[in-house]
Amino acid sequence: MLDDVAKLLELLEKGRFRYCVIGGIAVLAYGGRASTLDLDFFILADDLDALVATLKKRGCTVKMAGEDQAKTRFGSVPVDILKADPWVGIPAVKRARKRKFLG
């Protein structure tokens, strides 16, 4: 699972998508304890459509859950992509810092 998380994060970086990881994986990256089976992240609205297209090109099935959320699987990892809202998400993406995770 963690290899697939690393591959997805690499894809996000290479695509220059503006995002931040949230949820259990973010807790783990900061040294906390979390039990999680998926990867959750905020992405800026302008990048959502491009990311969905990129994932589909890689063979991922992407299901939209309304206008603001996409669900997919990247390898063995269930992924929830949340369009960053103006109140919490956008400020979180803008203040996000890169963390070394999984080497």
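Because only heavy atoms are used, hydrogens play no part in the values below, and waters and symmetry mates are left out as well, while side chains stay in.
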**Pairs involving residues 24-35, ordered by first then second residue, that meet salt bridge (charged side-chain N to carboxylate O under 4.0 Å, His left out) (sequence neighbours left out)** = none
**Pair listing, salt bridge (charged side-chain N to carboxylate O under 4.0 Å, His left out) test, anchored in residues 36-45, at least two apart** = none
Anything under 3.5 Å between a donor and an acceptor, one on a side chain of residues 85-96, the other on a protein residue two or more places apart or in another chain? List them.
unit_1 : atom_1 : unit_2 : atom_2 : d
D85    : OD1    : G89    : N      : 3.2
D85    : OD2    : W87    : N      : 3.0
D85    : OD2    : V88    : N      : 2.8

Give every donor-acceptor pair under 3.5 Å between a side-chain atom in residues 61-80 and any protein atom, sequence neighbours left out.
unit_1 : atom_1 : unit_2 : atom_2 : d
D68    : OD1    : K83    : NZ     : 3.1
K71    : NZ     : D80    : OD1    : 2.9
T72    : OG1    : T61    : O      : 2.8
R73    : NH2    : S76    : O      : 3.1
S76    : OG     : D4     : OD2    : 2.7

**Item:** Shortest non-hydrogen separation from Y19 to L12 and the atoms involved
**Value:** CE2-CB, 3.5 Å
**Message:** For residues L9 and I81: do they belong to one hydrophobic cluster (side chain heavy atoms under 4.5 Å, members Ile, Leu, Val, Met, Phe, Trp, Tyr)?
**Reply:** yes
List the atom pairs, donor and acceptor, that lie under 3.5 Å between side-chain atoms in residues 41-58 and the rest of the protein, sequence neighbours left out.
unit_1 : atom_1 : unit_2 : atom_2 : d
D47    : OD1    : R18    : NH2    : 3.1
D47    : OD2    : R18    : N      : 2.7
D47    : OD2    : R18    : NE     : 3.0
T54    : OG1    : A50    : O      : 2.9

